[in-house]
Amino acid sequence: MAVPLVIDSLDFACNAEVRRGKIAIARFQRLQDYLANNSGELEYAVTGALDANGRPVLRVDIQGVVSLQCQRCLEELEHVLDIHTELLLAQNEQELQSLDEDELVDCILAQPEMDVLLLIEDEIILALPVSPRHEQDECMPGGREDGKATREASPFAALAALKKTH
Ligand SMILES: [Zn+2]
């Protein structure tokens with residue numbers, strides 16, 4: 001059975017607790033929409049601490065590889081995650097609003113039952129590229145069946161050439 005990943009976020013920060021482990025990528029429900037396949041797992045660590053000003057924070061570290069779909073050739077694209085975020089814990093909505101306005105930090109509302117899995121998933125989704133693409137020399141526009149792709153593309157190439165002359 002999977003270990004429940006629920007923390008009392010303020011206590012967790014004030015007691016400098018740490019949770020670390022591995023999570024199967026298939027467990028992140030919202031993340032599935034972004035993935036070409038969901039095999040494998042990610043390493044995570046959530047660390048409670050007080051920042052330099054004595055305010056409670058959660059540090060979130062996530063490492064691993066997710067499989068996205070290249071927006072140019074539609075083939076799989078391995079994307080390396082190496083996320084290190086510090087989230088300031090606001091103790092109520094009012095504090096959250098003022099921190100959001102004033103600070104150059106990410107801020108979340110402290111919850112007595114915070115689901116670490118959702119927190120990690122949020123950070124992963126925020127870190128994903130908007131339009132993932134292979135490097136130019138690794139990309140395969142038209143797919144891997146090169147011969148077929150070339151034949152299909154040729155009428156359009158001919159048409160384009162024709163248009164240019166007129
Ligand atoms: Zn590509």
Side-chain angles (χ1 to χ4, degrees), residues 1-7 9 18-49 51 57-90 96 99-101 103-109 111 114-166:
M1 281 299 289
V3 184
L5 288 168
V6 176
I7 61 170
S9 49
V18 182
R19 291 280 168 86
R20 63 174 71 242
K22 292 181 177 182
I23 302 180
I25 293 170
R27 282 185 68 192
F28 297 107
Q29 287 177 9
R30 284 171 297 149
L31 188 61
Q32 304 306 311
D33 292 345
Y34 300 84
L35 302 178
N37 87 62
N38 65 2
S39 61
E41 52 188 17
L42 301 175
E43 283 187 58
Y44 74 91
V46 179
T47 309
D51 73 1
V57 295
L58 294 181
R59 297 201 179 103
V60 181
D61 302 291
I62 306 156
Q63 282 172 312
V65 178
V66 290
S67 177
L68 306 177
Q69 188 182 42
C70 170
Q71 296 304 296
R72 189 158 43 204
C73 69
L74 306 181
E75 294 287 336
E76 251 179 80
L77 164 67
E78 288 199 339
H79 180 72
V80 177
L81 293 174
D82 190 12
I83 299 170
H84 306 279
T85 336
E86 187 168 287
L87 300 165
L88 192 55
L89 290 169
L96 182 67
L99 286 170
D100 268 347
E101 284 168 16
E103 301 280 341
L104 294 169
V105 293
D106 292 316
C107 188
I108 54 171
L109 191 61
Q111 294 164 19
M114 181 176 280
D115 187 332
V116 173
L117 197 75
L118 294 180
L119 181 69
I120 291 170
E121 186 171 33
D122 284 342
E123 293 306 315
I124 296 170
I125 291 172
L126 283 172
L128 291 180
V130 177
S131 180
R133 284 163 192 226
H134 290 114
E135 296 298 324
Q136 197 79 44
D137 56 346
E138 290 170 10
C139 202
M140 315 236 180
R144 292 180 194 279
E145 298 169 61
D146 283 339
K148 184 169 165 251
T150 309
R151 274 200 304 281
E152 281 176 0
S154 59
F156 297 103
L159 194 65
L162 200 65
K163 276 182 180 163
K164 265 184 202 158
T165 60
H166 290 283

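First listed ligand is number 1; within each ligand, the first listed atom is number 1.
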Checklist entry - So, for Val105 and Leu88, which heavy atoms are closest and what is the spacing to 0.1 Å? => result CG2-CD2, 3.7 Å
Item to check | From Leu118, Val116, Leu119, residue fulfilling side-chain contact (heavy atoms from CB on, under 4.5 Å) relative to Leu5 | outcome: Val116
Item to check | Among His79, Glu76, Glu78, the one residue meeting side chain to side chain donor-acceptor pair (under 3.5 Å) with Ser67 | outcome: Glu76
Item to check | Beyond-backbone contact of Leu89 with Met114, side-chain heavy atoms, under 4.5 angstrom | outcome: yes
Checklist entry - Taking it one step at a time, do Val66 and Leu128 satisfy side-chain contact (heavy atoms from CB on, under 4.5 Å)? => result CA-CA 9 Å; Val66 290; Leu128 291 180; 4.1 Å; yes
Checklist entry - Which residues and atoms, counting only protein N, O or S, are under 2.8 Å from the Zn ion (ligand 1)? => result Cys70 SG, Cys73 SG, His134 ND1, Cys139 SG
Checklist entry - Between the side chain of Glu121 and the main-chain N/O of Arg30, is any donor-acceptor distance below 3.5 Å? => result yes
